[in-house]
Amino acid sequence: YTARMVFSAARELVSYRFQYTSGASGDSFEVSVAGGQITRVLTRSGQTSEVSIPAPPDMVIFDFNVYHQADAIAARYDAKKGGRQTFANFIPVVGADLPLEVTATGTGRMKTPAGELEVRNFRLDLAGIWTGNLTVDGGNRLVRLVIPARNLEVVRADLMPGVPARPSVP
């Protein structure tokens, strides 16, 4: 698949596009946010459907298959407020949102091949469907994401010894 997400300077979602690249279906969705509305256009097997709903001010998109979105979730977390914070997680395929609870669970230091790294840890809970743990660095970049119910573990390659990093795509 390919994915592209665009944020404003204030870290508010402007658009998100996701397209499957395997197979011949060309399935995709496009999400845009403007004028207080979120609009999703879904294409499946050549059929297109569109839904538009009010965009809540706390709206995020966290699709656990697209890992850079974890960075955005950590950046939206208000550390001064602390505690459990709930965001309206828009699910593009469904065209609706489910609550995503994000709770800070602490800070620490992590040893990496490049030295020690200050990290922040969070617990994620998507409406009781799944829970996970997110670790980010001081710049809110993903360090590790684990969602056991999805059998998912993502670790940033530049922080793991012996894991070759793939070059970035321009």
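Values reported hereafter were calculated over all heavy atoms of this structure, with side chains retained and with hydrogens, waters and symmetry mates removed. Since this is a predicted model, take the numbers as computed values, not measurements. The chain is numbered in sequence order, starting from 1.
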#### Entry: Stepwise side chain to side chain contact (heavy atoms under 4.5 Å, CB included) test for Leu13 and Val60
CA-CA 7 Å; Leu13 179 67; Val60 296; over 6 Å; no
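- In terms of modelled atom types and a separation under 3.5 Å, the side chain of Thr112 and the main chain of Gly115 share a donor-acceptor contact.
- In this view, Glu12 satisfies the salt bridge (Lys or Arg N to Asp or Glu O under 4.0 Å) rule with no residue, not counting sequence neighbours.
- Comment: Arg40 does not engage Glu50 in a salt bridge, judged by the lack of any side-chain N to carboxylate O separation of less than 4.0 angstrom.
- Smallest separation of non-hydrogen atoms from Gln37 and Ser52: NE2-OG, 3.2 Å.
- Considering only heavy atoms from C-beta on, Leu134 comes within 4.5 Å of Val136 through its side chain.
- The number of heavy atoms from other shown groups lying within 6.0 Å of CG (Asp78) is above 12.
- Residues forming a side chain to side chain donor-acceptor pair (under 3.5 Å) with Arg17 (at least two apart in sequence, or on another chain): Gln19, Glu30.
- Residue pairs meeting the ring-ring contact (aromatic ring centres under 6.0 Å, His included) criterion with at least one partner in residues 32-54, sequence neighbours excluded, do not occur; the list is empty.
- In terms of the salt bridge (Lys or Arg N to Asp or Glu O under 4.0 Å) criterion, residue partners of Arg156 (sequence neighbours excluded) are, by chain and number, Asp137, Asp158.
- Between the side chains of Arg144 and Asn133, no donor-acceptor pair of N or O atoms lies under 3.5 Å.
- Residues Ala3 and Phe18 approach most closely at CB-CD1, 4.1 Å, considering heavy atoms.
- Residues Ile38 and Met59 meet the side-chain proximity criterion, which asks for heavy atoms closer than 4.5 Å.
- The salt bridge (Lys or Arg N to Asp or Glu O under 4.0 Å) search around Arg44 returns none, not counting sequence neighbours.
- Every residue meeting the ring-ring contact (aromatic ring centres under 6.0 Å, His included) condition with Tyr16, not counting sequence neighbours, appears here in chain and number order: Phe29.
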Under 3.5 Å, which donor-acceptor pairs link side chains of residues 91-109 to any protein atom two or more places apart or in another chain?
residue: Thr105; atom: OG1; partner: Asn121; partner atom: O; Å: 3.2
residue: Arg109; atom: NE; partner: Glu116; partner atom: OE1; Å: 2.5
residue: Arg109; atom: NH1; partner: Glu118; partner atom: OE2; Å: 2.6
residue: Arg109; atom: NH2; partner: Glu116; partner atom: OE1; Å: 3.3

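- Take Phe122 and apply the ring-ring contact (aromatic ring centres under 6.0 Å, His included) test, not counting sequence neighbours, and it matches Tyr77.
- Residues passing the side chain to side chain donor-acceptor pair (under 3.5 Å) test with Asp71: none are found, sequence neighbours excluded.
- Between Val143 and Leu117, the closest side-chain pair of non-hydrogen atoms falls below 4.5 Å.
- No side-chain heavy atom of Val51 sits under 4.5 Å from any side-chain heavy atom of Thr39.
- Within the hydrophobic cluster formed by Ile, Leu, Val, Met, Phe, Trp and Tyr side chains joined at under 4.5 Å, directly or through other members, Val6 is accompanied by Val14.
- Partners of Ser28 by side chain to side chain donor-acceptor pair (under 3.5 Å), not counting sequence neighbours: none found.
- With rounding to the nearest 0.5 angstrom, the CD1 atom of Ile53 is 5.0 Å from the CZ atom of Phe90.
- For the atom pair Leu142 CG and Ile73 CD1, the distance stands at 12.0 Å (nearest 0.5 Å).
- To the nearest 0.5 Å, the span separating CG on Leu124 from OG1 on Thr131 amounts to 8.5 Å.
- In this structure the side chain of Tyr20 never reaches within 4.5 angstrom of the side chain of Thr2, judged on heavy atoms.
- The side chain to side chain donor-acceptor pair (under 3.5 Å) test applied to Ser45 returns no partner, not counting sequence neighbours.
- The two atoms that bring Asn140 and Ala75 nearest to each other are ND2-CA, 3.5 Å, heavy atoms only.
- Using a 4.5 Å cut-off on side-chain heavy atoms (C-beta onward), Leu145 and Leu152 make contact.
- Atom OG1 in Thr135 sits 14.0 Å away from atom CZ in Arg141 (nearest 0.5 Å).
- Put simply, Phe62 and Val154 are part of the same group of oily side chains (I, L, V, M, F, W, Y) that touch within less than 4.5 Å, one to the next.
- Atoms CG and OG1, on Asp58 and Thr86 in that order, are 8.0 Å from each other to the nearest 0.5 Å.
- A distance of 8.5 Å separates CG of Leu126 from CD1 of Ile147, quoted to the nearest 0.5 Å.
- Closest heavy-atom contact between Pro148 and Gly132: CD-CA, 4.4 Å.
- Of all heavy-atom pairs between Tyr1 and Thr21, the closest is N-OG1, 3.1 Å.
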